[in-house]
2 protein chains.
Amino acid sequence: MGEASRPIPAPAGPGLEISTAQRIVPELLDTLRARMRILHRIRLLQPIGRRALAAEMGATERVLRAEVEFLRQQGLLTAGPAGMGLSEEGYALLDQLDPVLATLEGRTELAASLSRALGIARVTVVVGDSDEEPWVKDTLGLQAASLLREELTSGDVVAVTGGTTMATLARMMPRRGTHPDVRVVPARGGLGESASVQANTIAEQLAQAIGGSHTVLHVPDRLGEDTLEHLMAEPMVEARLREIRSATVVVHGIGSALEMARRRQLSEAEVALLRERRAVAEAFGYYFDQQGQPVYAMTTAGLKLADLDGVRLVMGVAGGHSKAEAIASAARAYRMDVLVTDEAAAKRILHAQSGTRAGR
Amino acid sequence: MGEASRPIPAPAGPGLEISTAQRIVPELLDTLRARMRILHRIRLLQPIGRRALAAEMGATERVLRAEVEFLRQQGLLTAGPAGMGLSEEGYALLDQLDPVLATLEGRTELAASLSRALGIARVTVVVGDSDEEPWVKDTLGLQAASLLREELTSGDVVAVTGGTTMATLARMMPRRGTHPDVRVVPARGGLGESASVQANTIAEQLAQAIGGSHTVLHVPDRLGEDTLEHLMAEPMVEARLREIRSATVVVHGIGSALEMARRRQLSEAEVALLRERRAVAEAFGYYFDQQGQPVYAMTTAGLKLADLDGVRLVMGVAGGHSKAEAIASAARAYRMDVLVTDEAAAKRILHAQSGTRAGR
DNA sequence: ATGAGCGGGACGTATTAGGTCCCTTTGGGT
DNA sequence: ACCCAAAGGGACCTAATACGTCCCGCTCAT
């Protein structure tokens with residue numbers, strides 16, 4: 001249940017206006033949404049069986065089966081011994097109908113409001129709450145991956161950060177098509193994450209998915225400043241740093257400051273400092289307060305905040321109601337061209353903004 | 001089951017593309033068509049009861065009743081002791097959904113093909129066959145009436161011919177709104193029709209329906225040429241003729257030549273002449289052969305063929321498979337800006353054209 | 001090798017859709 | 001002024017379909 005503000009493909013025939021259709025076949029929208037939900041869920045979970053899907057979606061087996069049989073007959077999904085999966089036409093239909101559904105469910109308008117409130121040109125809002133339902137984060141990643149893929153051009157250097165959301169993005173990136181001229185690099189060196197969600201790992205996975213190349217930047221965590229400077233002076237490291245700082249596209253997750261501090265096992269002193277300076281957001285190793293002012297930075301090599309000015313496209317990806325404050329802060333901290341988030345975060349950001357605006 | 005090539009009103013929301021909808025909710029498009037059919041039929045027959053309508057539509061009472069109950073609940077139609085009728089919203093919905101349905105059923109494309117084949121800028125194709133089902137002619141008339149109404153502007157002089165189709169047009173013309181500055185005149189004098197379908201009668205009815213004024217032109221049938229010239233020299237008659245020949249809009253039926261000759265009880269000699277000259281079409285007293293050449297003209301006063309050049313809008317209205325050849329002939333004979341016909345005629349014209357083209 | 005999970009089949013039940021008849025009311029024609 | 005044909009609404013029984021549930025043979029990953 002995808003995106004909201006992507007340009008809508010030109011319709012081949014006359015459009016059946018939703019509000020009109022609602023009037024004469026009200027059950028249409030319910031059926032449409034139900035079937036879209038199934039297709040969408042299958043896309044995320046394929047290959048998956050009837051029962052597992054029914055359990056996942058909270059439907060009974062029989063009724064889901066009826067829909068699935070219909071969708072299979074329509075050629076929108078295929079069923080093999082391993083389970084069901086989308087057909088090419090299923091993908092196409094999902095892409096075509098996603099914007100319609102987004103508008104129908106008000107997410108298009110939500111995205112537009114958020115775009116205005118945060119000053120971010122392109123905002124996409126996916127359905128649900130990443131904190132509540134696991135599949136929402138998958139959708140978030142898929143949506144961000146699709147947007148990224150559309151934006152990539154030959155010669156691009158894509159800098160990515162770590163984090164579970166970015167890991168999801170890499171995992172959900174469609175495999176079709178290749179961009180051999182695209183290079184994926186980690187935005188910054190070691191930040192104390194576990195291996196599977198490190199920027200290096202994600203850069204590698206993403207490069208593999210899009211058929212491009214990647215570079216790693218091995219800078220151990222918790223180095224002293226002088227050691228770091230020595231390391232950065234190494235010709236090999238220095239060359240890679242130059243490449244990173246010349247990135248044309250930056251895709252990054254946004255974290256809640258204290259949550260990130262905990263995950264990275266920062267020292268008590270550091271946490272205390274973050275608290276004192278009221279840090280609420282974290283993005284590529286920088287911590288920001290509510291006004292978007294940087295209040296702390298991890299000591300590692302890689303992309304500096306100032307480097308963002310030279311970047312063609314800065315894309316932020318984050319969802320879940322717990323990320324609302326962090327997203328708003330990050331939006332104030334630096335230029336963000338694209339934001340991919342979810343309904344829960346979007347609504348919470350807007351409520352908070354209208355609240356503070358009214359309260360002052 | 002209306003029109004095909006009318007400009008589509010700007011959609012307020014996102015359009016659900018028909019072909020896409022067809023793919024994921026095909027059964028709902030069927031119910032949509034069924035309900036539209038009912039609304040349309042009620043519009044033509046209102047006020048009408050459940051049973052009469054069911055018989056008329058070839059459906060059983062119960063199933064029609066279920067739909068009608070739904071439509072009533074949706075506020076699209078009202079049910080009184082006298083029978084059911086459309087509500088305002090019903091009219092609005094019908095108008096909105098008509099182009100959608102036209103495309104859905106391929107009539108939009110049919111109209112476009114016909115437009116190309118006949119060189120007529122605007123072609124509208126309504127559903128069905130006027131020769132087979134009586135209500136199709138009503139739809140034809142209604143559609144033509146709606147188009148005419150849209151085109152009328154202040155000061156227009158509308159010349160109309162006789163015939164059952166034109167009589168239907170006058171009868172179906174919506175009563176709402178008035179055009180006090182519009183004058184309706186008969187295109188030509190007596191042509192031997194029975195009173196109810198004479199141009200004079202139709203002009204009067206049409207003027208009444210649109211709230212305009214009308215003029216009659218009483219020229220008896222079968223006059224000798226010299227008597228006719230004397231009559232036309234009468235100041236009163238001459239003034240009216242001048243008005244007629246300065247018409248800004250001409251709306252006319254198109255007839256099959258021999259059928260019209262029979263209805264007008266032409267002499268055997270005249271019929272023989274028509275046969276010899278291979279007349280196939282008749283329009284406002286002129287008879288044309290297959291190539292659109294005028295081969296005979298009724299001796300009466302009124303609009304001449306040449307006068308059509310000065311007319312702003314020439315609209316032809318004719319349907320039924322038996323009229324196919326006549327319509328094609330008329331289209332070649334003179335400039336026609338708008339044609340309103342039905343599926344049966346449209347298909348037959350196109351088949352004949354592709355046939356002759358291939359055969360030569 | 002094996003078993004968990006897959007699609008497909010089967011079946012009894014619950015619910016809905018559909019055919020038919022009836023009743024009271026009302027509006028239009030005589 | 002009257003009357004009757006036709007209206008909408010109600011009722012009821014049957015046919016059909018939708019649904020919950022369990023089972024089976026197969027495949028593929030472990």
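First the proteins, then the strands, lettered A, B, ... as listed; each starts at 1.
- Rounded to whole Å, atom P of D:dC12 lies 13 Å from atom CZ of B:R65.
- The CG-P distance, from B:D30 to C:dA17, rounds to 17 Å in whole Å.
- Salt bridge status for A:R171 with A:D138: present, with a side-chain N to carboxylate O gap under 4.0 Å.
- Take the nearest nucleotide of DNA chain C for A:R62 and for A:P81: the residue whose nucleotide is more 5' is A:P81.
- In this structure, CD of A:E67 is placed 12 Å from C1' of D:dA18, rounded to the nearest angstrom.
- Comparing C:dG18, C:dG9, C:dG27 against the side chain of B:V63 picks out C:dG18 as the nearest.
- A salt bridge does not link B:R35 to B:D30: none of the charged nitrogens lies less than 4.0 Å from a carboxylate oxygen.
- Nearest to the side chain of A:R50, among C:dG7, C:dT20, C:dT26, sits C:dG7.
- Rounded to whole Å, atom P of D:dG8 lies 12 Å from atom CD of B:Q46.
- Atom-to-atom, CG of B:L45 to P of D:dA7 comes out at 11 Å; the value is rounded to the nearest Å.
- The side chain of B:T60 lies closest to C:dG19, out of C:dG19, C:dG7, D:dC22.
- Salt bridge B:E56/B:R37: absent, no basic N to carboxylate O contact under 4.0 Å.
- Computed from coordinates, the B:L77 CG to D:dG8 C1' distance equals 12 Å when rounded to whole Å.
- Remark: P of C:dC21 and CZ of B:R51 are 11 Å apart, rounded to the nearest angstrom.
- The residue B:A52 sits close only to the backbone: its heavy atoms come under 4.0 Å of sugar-phosphate atoms, none of a base.
- A salt bridge between A:E343 and A:R107 is absent, with no side-chain N of the basic residue lying under 4.0 Å from a carboxylate O of the acidic one.
- Atom CD1 in B:I42 sits about 9 Å away from atom P in D:dG8, given to the nearest Å.
- Side-chain atoms of A:T124 never come within 3.5 Å of backbone atoms of A:V340 as a donor-acceptor pair (strictly under, hydrogens ignored).
- The nearest heavy atom of DNA chain D to A:A66 and to B:G80 marks one nucleotide each, and the one closer to the 5' end goes with B:G80.
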